[in-house]
Each structure stands twice: as structure tokens, then as C-alpha cells.
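Counting starts at 1 for both ligands and their atoms, following the listed order. What you see is a predicted model, and the numbers here were worked out from it, not measured in a lab.
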Amino acid sequence: MTKLPICAVQKAEPEPSSMIETFRAIGYSMEAAVADILDNSISAGAKNIWVDFDWKGSETWLSIRDDGSGMNSEQLIQAMRPGSKNPTESRDAKDLGRFGLGLKTASFSQCRRLTVLSKTKETQPDYWTWDLDYVRESGEWNLIKMQQNQPQLDWLATQISGTVVVWNELDRLVKNVTEDDEVARSKFLAELKKVKSHLEIVFHRFIGPGKIRIYFQERPLEAWDPFLESHPATQKMPVDKYHNGKILVKGFILPHKSKFESERAFNAASGPYGWNAHQGFYIYRNERLLVVGDWFRMFKKEEHYKLARIQIDLPNDLDEDWQIDIKKSIARPPLKLQDKLKAYASNVRAKAVEVYRHKGKVIQQKFRSEKFHPIWQEKVRRGKRFYEINRDHPFVIEMIGQMGHPKQAEQLFRFIEETVPVPLISIKESEEPEKHGVAFEGADTAPIKTLMLQMLESLISKGVPSDEAKGQILSMEPFNQFPHFFNQ
Ligand SMILES: Nc1ncnc2c1ncn2[C@@H]1O[C@H](COP(=O)(O)OP(=O)(O)O)[C@@H](O)[C@H]1O
Ligand SMILES: [Mg+2]
């Protein structure tokens, strides 16, 4: 006990109805909530987990069964207590739990009634229910025992040990809807489809032959490997280790589209939110995936970096450093690691761009026209160097033609050319070479793509074969830097 100068004590317990609403407002998505329940099953050593649900309008239920070690009556009551474990307490190295809250907060975020039934090798099944309306009405945190759990009890009786979590009154999704409400039904099924793909992603390292089998409505889930490790064209970067080897970082550059056996395989590898969304860091805590592609504000997600994916493996005792949230869906690298991670990622991203641009580059090399057209040219006048805009550049010719004022354009060019800040550029370049951006870095490149496609169309309409037309365009600056715009 802390030594405080206390002269009176007064109980001020949290009021159940407001606590309930607080628990409910943590902001779990349905998929994150189900995953949190599965975390417990996996931590309990389950080899098989079954996720089942039955659409019955507002009577719809969902259950998660496992054949893990289970709980005896005392442990079950302890597990039902909100905050059953202190988050600062150290945990078994394989434990996926975090705050001693997941079972309750995840369940209450989706339903108003949570029943947990469990049995260990040594004990008979026991069960308890949290009914939020009962808690609210009675004003007390009392678990209740209800008579309607026979099917789950019967199932448990066939198991050596295991646990069943049942959600009833899923009011977030199916409040006041009838069984024949087709709109509500398809909305519910769409949510459950998200749950399915989420589980295939976050538990992908656990699912597989000889590992854990997760059944979704009786059908086994298939692991989704974000890194396509077994694909021969996937490039693997060397592992970086931090924090005395506790944190492992490994970058992957996924194969170019042309290396996939089919469009379908390429799309399957993209992930549920598409290639662009799934680039970035993937954070695993004890093998369980928390973050599915994020650059943590170090970079923007851009099309040409979409093949870059980097895995970070963490143990479960760095939660505070990495700001792992209660839903286990957010993590952030600690400040002291950000520079290192950024440098590592820059390297992976640079390689990913190369792969992404590969096909365009092949066309570029094959059909490179005799002449390369730079925008800027070096000229010598009276023994001195100057830089001039290339008047023979096809795009410059085209633009001057379109503007219809060649004389003014010439005047403008001359002004620009005579005042290029060469000395300033030279000084800056020698002082901080890494600070010089390359053409269009960080800028919106969509207009360039549009322009390139327009030029392509125009050349094709003049009878130039497509690949040759691409080659001509790609031999002009700055289009030579964007061969990937001709990828599709
Ligand atoms: N499926 C399960 N099998 C065995 N024990 C479980 C199961 N689910 C929950 N428990 C027990 O209940 C406790 C509380 O779970 P939870 O509220 O999710 O918090 P946490 O996982 O952070 O400890 C767990 O630590 C575990 O001891
Ligand atoms: Mg848990």
C-alpha cells in the first residue's frame, strides 16, 4: 500500500450502465472483435477452432468454439471479470492477450449477451453469462446462469477440454430485424465475409497443416501470406535486428504482375483492400498480425511502391514501446526506431519501384528511338557553359504549337534559361546531395500519365505501331522516368 496522508475513505465504484457503454465504445470492428476471441483460443493451445453463426434476424447468434485447455469454474469467473489481468504483468511468451479485457470488450462491442462455457481435462463444464440489460437494470455486475445452453454443453461433453464463446443479441448488426429482411441479411453476411478474410490474414502464420485448423461455418480457412515467400520471383531482403535481436525486420519485393500465373493469382495476392492499400509494414506480435500494411506517415502509399511489403516481428513484452492498442489493431514504431525503419524501407521501396517498372523498361530498351530527347541541353557560348530548353523536343514543339504564340514562348524560354540558378544549385548539391528531389518526386503524376496516354493515342492514330509509339514517348524526358504508366 502506498503511504498517503489519508483521513477518510469513501467508495465510488463505477456505475455499471455507464461502464458498459464505455466498454462498448472502444470501436472494435466485427472482424477485430472476432479475432480477439480467437486470440484467447490460440493462447489456450487450441488445435481446432470453429466459428459458426446462424442468421435468424435479431435472434442471430455467433459462436467460437475451441479445443484448447479450457477453464475450471474459478478461472471462468475470473476470465469474465472486466480487467482480469493487469496489463503490466508479464505474460507467458506465447500469450496473445494484452489487457485482460479482450473477451469482454470485444464481445460487448458486438453483442448484449455474452455466454462462456468451458471445461478442462479435470473438470466438468461450467458456464456463465453477462447480460448487459440485466447488469444495467440491476445496477450490479452480476453474472447469471441461464437455461439455454444445452447444445454447447453437449458439445463440450464430447471434448477433453475446450471453451465456447456465444454472442447473442448482436445489436450492432441485427437490432430489430426479422429473419426475412433480405437487406439486413446481406449486410450481415457481408460483415461475416470480412471477418473470414480478416482471420485468414491475421492468423495466417497459425493456419496450416500440422498447425491450427480454423473452421468458418465448417469450412477450413486458408492462410493468406502477404509476402508470397514461396513464389520464385519474390525478392527477399536481408533481416535487420533491433532491441538486442528481439525485433526482426524483413523486407519483401513481390513479383511483377507478369510473373503471376494468372490475373486471378495476382488479385488474390493483393489482399482484400487491393495492392495499393497493402503496401508497407506488417507488424506481428507473437506471430499474430496486428497491422496489415502501413507506412506510419513515413511515406505515402503510392501505386509504384505497391510491391513493397516489410514484416516486423515483435515479442509480447514491447507493447508499450509500440503503443499496441486494446483492440490489437494499431501499433506504432517507437520514435527511436523510426529513422532506422525509414532507411530500411527506402531501400525496399527503391527495389520495388524497379520491379514495378520492369516491363515498361523492357519496351523502352527494345524500342528506344535513335534519338533521346532531353528537356535541358548544355550549350557553350564564348567558352562559357549555359543550359537551354531543347527546342527540338517533340513535346516542346507540340506545346508551343498548341499555345499559338511562338515568339512569346521563345522570350519566356530565354528569360528562364538566362537565369537558371546554377551557382545556388551547385552549392546545395555539394552540401546536401540527398535533399535534391528527382523530377516529380512527391508531386501528383496523374497529369503526366494522362499526357503520355494522349500522346500514345495520337501516335497510334497516325499509324505508328503501339510498342514503337511507346518507345518513342519513353525516349523523351521526363516520360522516360515513367515507363510503368504503359504497364497496364
Ligand atoms: N478460449 C479460452 N480458453 C481458455 N482460457 C480463456 C479463453 N478465453 C479467455 N480465457 C482466459 O480468460 C482470460 C481473460 O481473457 P481476455 O479478457 O481476452 O484478456 P487477455 O486475453 O488480455 O488476458 C485469459 O487470460 C484466459 O486466462
Ligand atoms: Mg484475450
Side-chain angles (χ1 to χ4, degrees), residues 19-20 22-24 26 28 31-52 62-111 114-130 141 143 149 152-153 155-156 159-167 199 202-203 206 212-215 285-290 315-320 324-331:
M19 274 316 276
I20 289 173
T22 311
F23 278 149
R24 303 205 81 195
I26 289 174
Y28 274 93
E31 58 270 24
V34 175
D36 215 337
I37 305 298
L38 264 76
D39 278 347
N40 290 337
S41 302
I42 293 172
S43 299
K47 285 279 162 250
N48 295 282
I49 303 171
W50 297 264
V51 180
D52 298 298
L62 181 141
S63 81
I64 294 127
R65 286 179 288 150
D66 70 59
D67 61 359
S69 55
M71 292 169 272
N72 62 29
S73 298
E74 207 177 305
Q75 289 165 331
L76 175 61
I77 294 169
Q78 183 60 17
M80 293 297 266
R81 275 163 66 117
S84 52
K85 261 187 200 167
N86 183 335
T88 57
E89 228 171 78
S90 73
R91 286 179 175 262
D92 184 283
K94 285 201 162 148
D95 195 341
L96 300 177
R98 166 86 172 94
F99 290 98
L101 277 172
L103 172 65
K104 287 72 64 173
T105 46
S107 302
F108 296 159
S109 75
Q110 305 301 316
C111 72
L114 157 69
T115 303
V116 183
L117 308 92
S118 198
K119 155 182 201 305
T120 68
K121 216 161 47 182
E122 292 87 21
T123 58
Q124 289 305 307
D126 197 0
Y127 60 99
W128 284 106
T129 296
W130 275 124
W141 286 104
L143 290 163
N149 300 301
Q152 289 87 9
L153 286 171
W155 179 77
L156 270 183
Q159 299 290 310
I160 299 167
S161 63
T163 301
V164 187
V165 173
V166 188
W167 292 351
L199 299 179
V202 301
F203 297 113
F206 296 93
I212 299 177
R213 276 177 300 256
I214 304 178
Y215 299 89
R285 174 183 181 266
N286 274 6
E287 313 285 327
R288 194 282 215 194
L289 188 51
L290 304 182
N316 67 356
D317 58 0
L318 296 176
D319 290 349
E320 242 173 279
I324 311 286
D325 75 327
I326 200 166
K327 306 190 291 291
K328 286 176 276 185
S329 49
I330 299 174

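When heavy-atom distances to ligand 1 are checked against a 4.0 Å cut-off, Ala79 comes that close through both its backbone and its side chain. With a 4.0 Å heavy-atom cut-off, ligand 1 is reached by no atom of Val116.
Closest to atom 5 (N) of ligand 1 by heavy atom, among Met80, Arg65, Met71, Arg81, is Met71. Atom 20 (P) of ligand 1 has its nearest heavy-atom neighbour, among Ser41, Gly68, Gly100, Ala46, in Gly100.
With hydrogens and angles ignored, the 3.5 Å screen pairs a side-chain donor or acceptor of Lys104 with a backbone N or O of Ala79. Counting only distance, with no hydrogens or angles, the side chain of Lys121 and the backbone of Ser69 share no donor-acceptor pair below 3.5 Å. A donor-acceptor pair is defined here as one N or O able to donate and one able to accept, closer than 3.5 Å; no such pair exists between the side chain of Gln159 and the backbone of Leu156. Side-chain N or O atoms of Lys47 include none that pairs as donor or acceptor with a backbone N or O of Arg213 at under 3.5 Å. Of the possible donor and acceptor atoms, none in the side chain of Asp319 sits under 3.5 Å from a partner among the backbone N and O of Ile324.
Leu96 has its side chain within reach of Phe206: a pair of non-hydrogen atoms, C-beta onward, lies under 4.5 Å apart.
Taking backbone and side chain together, Ser43 holds no N, O or S atom under 2.8 Å from the Mg ion (ligand 2).
Using a 4.0 Å cut-off to heavy atoms of Ala44, the atoms of ligand 1 that qualify are 3 (N), 4 (C). Residue contact check: Leu103 has heavy atoms under 4.0 Å from atoms 16 (P), 17 (O), 18 (O) of ligand 1.
Between Ser69 and ligand 1, a contact under 3.5 Å exists for no N or O pair.
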